[in-house]
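Reminder, nothing fancy here: chain letters follow the sequence lines and each chain counts from 1. All values below were derived from every heavy atom in this structure, side-chain atoms included, with hydrogens, water molecules and symmetry-related copies excluded.
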Protein chains: 2
Amino acid sequence: MAARKKSKRDRILDTAEELFALHGYDGVSLRKIATGAGVDVALANYHFGKKLDLFSAVFERRAALLNDSRHQALRDCQSKAGKKGPSVEQIIEAFLRPLEMAQETGDSGWKNYLALLAYINNSPYWGRLMMSKLFDELVNEFIEALKQALPQAEEEDIYWCYHNMSGALTLTLAQTGRIDTLSGGKCLSSDFQSAYDHMIPFTAAGFRKVCSQRSSKGKSKGAM
Amino acid sequence: MAARKKSKRDRILDTAEELFALHGYDGVSLRKIATGAGVDVALANYHFGKKLDLFSAVFERRAALLNDSRHQALRDCQSKAGKKGPSVEQIIEAFLRPLEMAQETGDSGWKNYLALLAYINNSPYWGRLMMSKLFDELVNEFIEALKQALPQAEEEDIYWCYHNMSGALTLTLAQTGRIDTLSGGKCLSSDFQSAYDHMIPFTAAGFRKVCSQRSSKGKSKGAM
DNA sequence: TTATTATTTCAACAAGCGTTGAATTATAAA
DNA sequence: TTTATAATTCAACGCTTGTTGAAATAATAA
């Protein structure tokens with residue numbers, strides 16, 4: 001309803017973004033997207049090609065922006081920290097806050113996009129390929145920073161901790177509203193500030209705990 | 001390929017379970033399910049009704065079993081702990097280990113089912129309704145136990161911590177393989193023991209951290 | 001056996017799907 | 001204005017979808 005000046009091409013992207021985030025790739029037809037965008041069904045094909053190409057276009061549209069903003073946040077906290085390097089909390093903050101800010105903008109497009117990211121990140125196999133292609137480079141920057149902040153940690157532990165953080169984040173991005181129901185309204189999935197204010201110390205403590213205890217304690221991975 | 005003695009009805013459930021977990025509700029047609037089960041397409045309708053009813057049947061089939069096993073694990077750790085009650089770690093262990101055991105059984109059905117759970121838990125709106133109906137009662141038992149283990153905690157904090165734990169768990173259940181790619185094979189999403197061995201101390205530390213720091217510190221929720 | 005009921009398949013339906021070539025309109029260039 | 005190009009719609013294609021009533025088969029009861 002907001003912008004009337006948007007091109008039809010952009011309206012297709014916006015509508016597709018919203019519907020894909022809500023119903024997944026197979027839950028949305030090109031005709032529903034076209035109707036939602038107020039456009040003929042053939043126009044999506046003209047601008048983007050096949051349905052999967054449209055999906056990719058939606059997925060890629062905001063990826064670079066997001067990567068830049070997180071990259072910048074990491075650089076900022078690194079310069080602020082000096083040569084001893086930033087703390088675990090500061091690194092996680094740099095990783096997560098840009099997402100909170102994106103979700104908090106009035107623009108519902110970002111909210112939809114991040115929900116779409118959650119959908120893709122939870123999709124087996126093909127989701128992994130799409131995510132890796134666009135986000136692995138940035139994630140590896142953060143992993144490197146975390147290794148420096150936790151010099152005694154085993155590499156494997158850091159990856160598992162990242163996995164847990166990524167899961168917590170993904171559920172927040174998905175905005176399923178489960179927390180609203182469970183808490184009887186005490187917590188709202190739309191209250192992003194609360195979500196991230198809790199997620200940051202929660203995950204930071206997890207990193208510290210797992211990566212500080214000396215290794216091979218009950219992990220039974222080597223010789224039997 | 002395994003069991004040849006299963007009824008056609010069960011084969012429909014098994015195939016649907018696997019395909020729904022892999023491709024989501026809209027990504028699977030009744031014909032693909034029927035083909036996979038070696039059965040006519042009309043048979044699914046005869047046994048289960050509409051497509052959504054079949055989906056619900058798959059979803060509900062193992063829910064009670066799972067709830068029982070987690071409920072039992074909680075009771076066990078409570079009796080072992082005596083009247084002072086179990087620790088956060090013990091409660092989380094009771095919450096998570098039954099899932100690990102289910103994933104580790106040779107039966108691939110459980111793996112598929114839990115991936116389906118992850119899919120549903122990440123689905124906006126309708127996912128919340130389905131999950132709440134079957135799992136809220138059990139989850140509230142665990143929340144109560146956690147409140148006792150963290151008597152100084154604010155209720156809201158406990159819910160947010162549970163939200164984070166649920167996210168970490170969900171991504172593990174989804175088995176997207178992201179961690180495999182990211183870590184270059186150092187961590188495998190199929191290595192369930194490692195996943196849970198890390199998830200438990202990670203989330204327990206998060207609970208302790210968030211629920212011990214005295215409240216209203218930068219949460220800016222009450223009067224300004 | 002026959003009669004009855006439960007299971008399974010067959011055949012088809014109306015509707016929606018992604019996609020495309022040709023026609024139409026709007027925009028920009030000459 | 002005329003000409004060329006870009007944007008958009010129209011109309012239709014072959015295919016797949018969920019669903020269903022009737023026919024066929026298998027299992028059970030009499």
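- Aromatic pair Phe20(A)/Phe55(A): ring centres closer than 6.0 Å.
- Nearest-nucleotide assignment on DNA chain D puts the 5′-proximal partner with Leu43(A), out of Leu43(A) and Leu52(B).
- Across all strands shown, Arg9(B) has no heavy atoms under 4.0 Å from either base or sugar-phosphate atoms.
- Phosphate contact (OP1/OP2 of dT16(D), side-chain N/O of Lys32(B), threshold under 4.0 Å): absent.
- When the C1' atom of dA11(C) is taken as reference, atom CG of Asn45(B) falls 15 Å away, rounded to whole Å.
- You'll find that the side chain of Val39(B) is closest to dT9(C), out of dT17(D), dT9(C), dT8(D).
- Closest to the side chain of Ala42(A), out of dT9(D), dT8(C), dT9(C), is dT9(D).
- When rounded to the nearest whole Å, the span between CZ of Arg11(A) and C1' of dA7(D) equals 13 Å.
- Computed from coordinates, the Asp26(A) CG to dG18(D) P distance equals 11 Å when rounded to whole Å.
- Checking the phosphate oxygens (OP1, OP2) of dG16(C), no side-chain nitrogen or oxygen of Ser29(A) falls inside 4.0 Å.
- Residue Asp40(A) contributes atom CG, which lies 6 Å from atom P of dC10(D) at whole-angstrom precision.
- Checking each of Leu74(A), Thr203(A), Leu169(A), Leu146(A) against Phe95(A) for a side chain to side chain contact (heavy atoms under 4.5 Å, CB included) leaves exactly one that passes, namely Leu169(A).
- Around atom CD of Glu137(A), no more than 12 heavy atoms belonging to other residues, nucleotides or ligands sit under 6.0 Å away.
- Between Trp160(A) and His198(B), the ring-plane angle classifies as parallel under the 30° and 60° cut-offs.
- Side-chain nitrogen and oxygen atoms of His47(B) include at least one within less than 4.0 Å of the OP1 or OP2 phosphate oxygen of dT8(C).
- Nucleotide dT17(D) holds its P atom 9 Å from the NZ atom of Lys51(B), rounded to whole Å.
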Evaluate the salt bridge (charged side-chain N to carboxylate O under 4.0 Å, His left out) criterion for residues Asp68(B) and Arg75(B): first the C-alpha distance (whole Å), next the side-chain angles of each, then the deciding distance (0.1 Å), finally the verdict. CA-CA 10 Å; Asp68(B) 286 349; Arg75(B) 288 285 167 269; over 6 Å; no

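- Between the P atom of dT19(D) and the CZ atom of Arg31(B) lies a distance of 11 Å, rounded to the nearest Å.
- For the pair Tyr46(B) OH and dC10(C) P, the interatomic distance rounds to 17 Å; values are reported in whole Å.
- Computed from coordinates, the Lys8(A) NZ to dT24(C) C1' distance equals 13 Å when rounded to whole Å.
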